Structure formats: structure tokens, C-alpha cells
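What follows is a single structure, written as C-alpha cells, with notes after it.
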Amino acid sequence: VISYHLTKVSSMTDSPPSVLPKVKYTKIFIDNEWRDSESRKTFPALNPCTGEKICDVAEADKADVNAAVESAKRAFTLGSEWRKMDASERGKLLNRLADLMERDKDYLARLESLDNGKPLGVSLAVDVPVAISCYRYYAGYADKVHGKTIPIDGNYFCYTRHEPVGIVGAVIPWNFPMVMQAWKLAPALCCGNVVVLKPAEQTPLSALYIASLIKEAGFPPGVVNIVPGYGPTAGAALTEHMDVDKLAFTGSTEVGRLIMQASGKSNLKNVTLELGGKSPVIIFADADLNEAVEISHSALFFNMGQCCTAGSRTFVEDSIYDEFVQKSVAMARKRTVGSPFDPKVEQGPQIDQEDRKSG
């Protein structure tokens with residue numbers, strides 16, 4: 001369970017908590033360059049706290065996804081800079097990216113809170129450092145991916161060699177945009193793959209800023225491509241693409257089923273799905289009741305309840321049930337809701353009206 005006192009925000013940031021970040025990147029990122037969508041269409045990035053438009057973002061669709069995949073294909077061609085790069089050098093690039101994120105951690109945290117609505121203290125204490133740690137972990141693992149030599153009968157030399165899959169499509173959700181981007185990019189790049197990533201249309205801004213850091217870190221053109229857009233257009237084009245070798249998705253079970261169908265109808269691409277859950281918290285009578293109330297409260301309300309591992313079902317032994325409910329209600333009523341840039345606020349807004357209604 002992650003808990004954090006937002007009153008500590010002022011000691012973790014270089015600027016007053018109320019200072020909003022200026023959005024720097026809103027276009028599609030292909031071949032290490034920024035471009036408008038082929039259709040010239042855009043979509044609004046909305047502030048979930050106010051419903052007001054933050055900015056317009058280039059809307060990728062099938063033509064843009066095709067261009068991104070072609071860029072990735074060039075980067076993965078035998079003899080390319082990326083394919084010839086030593087594994088240890090891939091690790092250095094990932095560490096360099098993590099260094100740049102450390103440098104810009106204050107800005108990244110503010111951008112995440114602006115776009116997603118989570119309290120700034122949580123972005124500073126959880127999302128940014130967790131994403132950085134993920135890149136550093138896989139940076140260290142890059143030169144430790146290896147096969148085996150296998151003793152067999154006869155005058156033979158038998159061995160296995162681990163090869164990158166190729167072009168990886170990634171589709172990530174809006175609840176932890178920066179962390180989910182790291183969880184998709186870091187392991188794929190560590191192993192020498194190239195990636196076309198579609199961020200959630202609700203939260204594209206941190207993904208696009210990190211794309212700029214990927215270029216600054218020195219990743220070759222085409223290794224990482226970011227295509228902001230909607231699921232039925234950009235997402236579908238990526239999942240159905242015949243040249244995408246693997247698709248990694250985090251999101252709803254409903255969309256996960258569509259991705260499995262798209263894989264079957266296209267090239268039977270390898271698919272990894274991380275879908276929704278309904279996690280239980282079980283509390284017995286011999287538990288420390290106050291601690292159990294606090295843990296179950298955090299398990300449910302962390303990240304405004306928008307968490308695939310949220311403790312959204314609580315089972316309590318009969319003998320302590322009434323007291324547990326009483327204490328839980330009291331704690332919930334004390335929870336402060338409001339602007340993510342107010343240090344006194346524990347809970348920001350839901351991501352949008354649809355999530356608010358479904359929640």
C-alpha cells in the first residue's frame with residue numbers, strides 16, 4: 001500500500017505547487033522528428049480537474065501508424081545502427097534517458113498531474129521515480145540477456161541465442177501514463193526491439209515529452225515512435241498491422257478481447273495483455289483494526305481508485321464488521337478532494353465524466 005502526505009510537496013519541488021507546466025510537445029513523434037498527422041486532424045487534451053482544454057494534440061490514424069511502422073522497420077533492418085549496437089550501449093542509452101528524466105522530474109510530475117489529475121505529491125513521490133527506476137533496471141539487464149550451451153550426444157555444438165522480437169506495438173492506459181510508458185518501452189528496448197507506442201487519448205502529454213528526451217538521449221531514429229490518437233483508429237491500425245510482431249496492451253478486458261481478435265485476423269502477432277481486475281482485501285477479527293482500515297482505505301482510494309490492482313472488494317469478519325464500516329466511513333469523509341496542485345488535497349478528479357459515472 002502506498003501512502004503519502006501531500007504536505008511534503010513543497011520540500012520536493014523547485015517551484016510553488018500551484019505553478020502549472022507549459023506544454024512543449026503536441027505532435028506525432030516518428031523517426032525522431034515531430035510531424036502533424038496526415039489528415040491534419042487534432043484532438044483536445046483536457047484538464048480533468050476543470051474540463052477545460054489544455055491544448056490540441058495531433059491525431060494519428062492509420063496513415064500515421066503505417067508511417068511509424070515503416071520508420072521502426074528501417075531502424076530494425078539488419079546492419080542498422082540499432083541492430084549493430086552492443087547490448088551494453090543499449091543499457092547506456094536507457095540510463096541516459098533515466099538521467100534526463102531525473103533532470104526534468106519536477107516538470108514531468110507537473111505535466112502528469114495536469115494531464116491526469118493525480119495530486120502533485122503522488123506524481124513526485126510515485127510516478128516519476130517509479131518510471132525512472134524501471135528504465136534503470138532494464139538498463140542494467142541489457143547485457144545480461146543470453147542463451148545457453150546445451151550438451152548433446154555426438155560431435156555437435158548446440159546453443160540457443162535470444163533474438164529481439166522485432167517491431168513492438170504498445171497501447172497504454174491513462175491511469176499511470178508515465179509508468180505504463182516505461183513498463184512498455186524499457187523491456188522492449190533493453191532486448192533490442194523497436195517500438196510504436198500509442199498513449200491513451202486522455203493523457204498523451206508526458207509520453208510526448210519523454211519522446212523528446214529519447215531523442216536527446218541519443219536513440220537512433222525510428223527506434224521509438226509515439227502516435228497519439230484514439231483506440232478505434234490509431235489503436236486498431238496498430239493491432240491489425242501485418243508488420244507488427246508483438247502487441248503489448250494494458251487496459252480494459254473488453255479491448256483486450258478485440259486485440260486478441262485482431263491478432264488472429266492479421267499475422268497472429270504475439271500478444272501480452274494486462275487487463276482489469278477486482279482485487280479483494282480480506283480482514284479477520286485478530287487484525288489491528290485501525291491499521292486494517294487505513295490499508296483498505298489506501299488500497300481503494302489511491303490514484304482516485306483508478307488502479308487495476310485497487311482493493312475494490314473488502315471482506316470483513318462478522319464480529320468486527322460494524323466497527324470496521326464505521327471507521328472506514330469516517331476516514332473516507334475526511335479525505336480531501338480538489339485540485340491536484342493544492343498541497344492539502346489527497347484526491348484529484350476522475351479522469352473524465354465517463355469514468356466518474358462508471359465508478
Side-chain angles (χ1 to χ4, degrees), residues 1-6 8-9 11-14 17 21 48 91 93-142 170-191 195 197 199-200 202-214 217 224 226 248-251 272 274-277 279 295 298-311 340-341 343 346-348 351:
V1 176
I2 300 172
S3 61
Y4 183 69
H5 296 291
L6 301 183
K8 296 180 181 177
V9 171
S11 65
M12 300 180 62
T13 177
D14 299 329
L93 287 179
L94 287 167
N95 261 325
R96 199 171 301 151
L97 174 58
D99 290 340
L100 295 173
M101 292 176 67
E102 289 271 13
R103 181 195 70 189
D104 296 348
K105 61 185 178 182
D106 185 75
Y107 175 82
L108 282 167
R110 292 173 186 278
L111 190 64
E112 196 80 330
S113 290
L114 175 67
D115 204 21
N116 170 272
K118 66 181 64 191
L120 179 58
V122 175
S123 293
L124 283 165
V126 180
D127 294 65
V128 175
V130 166
I132 290 170
S133 294
C134 180
Y135 286 113
R136 294 210 187 280
Y137 176 88
Y138 284 101
Y141 199 73
V171 181
I172 60 174
W174 43 259
N175 57 343
F176 294 93
M178 199 181 317
V179 173
M180 292 296 160
Q181 185 184 32
W183 286 5
K184 296 292 186 283
L185 291 183
L189 298 175
C190 161
C191 297
V195 184
L197 181 140
Q202 297 92 337
T203 54
L205 300 183
S206 61
L208 293 173
Y209 186 78
I210 289 172
S212 76
L213 301 184
I214 287 169
V224 177
I226 309 293
F249 171 75
T250 299
T272 300
E274 181 192 8
L275 308 178
S279 304
I295 288 173
S298 298
L300 178 60
F301 286 102
F302 175 66
N303 205 50
M304 294 79 75
Q306 300 167 146
C307 187
C308 61
T309 56
F341 293 97
E346 298 173 275
Q347 179 154 329
I351 190 66

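Basis for what follows: all heavy atoms, side chains included, without hydrogens, waters or symmetry-related copies. Worth saying up front: this structure is predicted, and the values here are computed from it rather than measured.
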Review point. If you look at every heavy atom in Lys184 and Val171, which pair is closest and at what distance?
Key: CE-O, 4.3 Å
Check your understanding: Would you call Pro173 and Met180 a side-chain contact if the rule is heavy atoms closer than 4.5 Å?
Key -> yes
**Study point:** Shortest non-hydrogen separation from Glu274 to Cys308 and the atoms involved
**Key:** OE2-SG, 3.9 Å
**Study point:** Minimum side-chain heavy-atom gap Tyr135-Leu185 below 4.5 Å
**Key:** yes
Review point. Is Lys118 close to Val126 at the side-chain level, that is, under 4.5 Å between some pair of heavy atoms?
Key: no
Review point. Are Asp104 and Tyr209 close enough that some pair of their side-chain heavy atoms sits under 4.5 Å apart?
Key: yes
Review point. Relative to each other, are the rings of Tyr137 and Tyr141 parallel, tilted or perpendicular (30° and 60° limits)?
Key: parallel
Exercise for review: Write down the atom of Gly91, the atom of Ala139, and the distance for their closest heavy-atom approach.
Suggested key: O-CB, 3.2 Å
Point to revise | Distance in Å, Leu124 CG paired with Glu112 CD, rounded so as to fall on 0.5 Å steps | key: 11.0 Å
Practice item. Could you grab the distance from atom CG of Asp127 to atom NZ of Lys105, nearest 0.5 Å is fine? Key: 14.5 Å
**Study point:** Close side-chain approach of Arg136 and Asp99, heavy atoms under 4.5 Å
**Key:** yes
Practice item. Taking all non-hydrogen atoms of both residues into account, name the closest pair between Asp115 and Gln202 and its distance. Key: OD1-O, 3.4 Å
Review point. How many angstroms lie between atom CG of Leu197 and atom CD of Gln181, to the nearest 0.5 angstrom?
Key: 5.5 Å
Practice item. Measure the CG-CG distance between Leu111 and Leu208 for me, rounded to the nearest 0.5 Å. Key: 9.0 Å
Check your understanding: Is there side-chain contact between Ile172 and Trp183, with at least one heavy-atom pair below 4.5 Å?
Key -> no
Check your understanding: Say you draw a straight line from CD1 of Ile210 to CE of Met101; how long is it, rounded to the nearest 0.5 Å?
Key -> 4.0 Å
Check your understanding: So how far is it from Ser123 OG to Asp106 CG, rounded to the nearest 0.5 Å?
Key -> 11.0 Å
Review point. Which of these passes side chain to side chain contact (heavy atoms under 4.5 Å, CB included) with Met304: Asn175, Ile351, Asn116?
Key: Asn116
Revision key, fill the gap. For Cys134 and Ala182, the nearest pair of non-hydrogen atoms, with its separation, is SG-O, 3.6 Å
Check your understanding: Is there side-chain contact between Cys307 and Phe176, with at least one heavy-atom pair below 4.5 Å?
Key -> yes
Practice item. Please examine the side chains of Phe341 and Arg110, heavy atoms only from C-beta on, and report whether any two atoms are closer than 4.5 Å. Key: yes
Review point. Closest heavy-atom contact between Leu300 and Ala310?
Key: O-CB, 4.5 Å
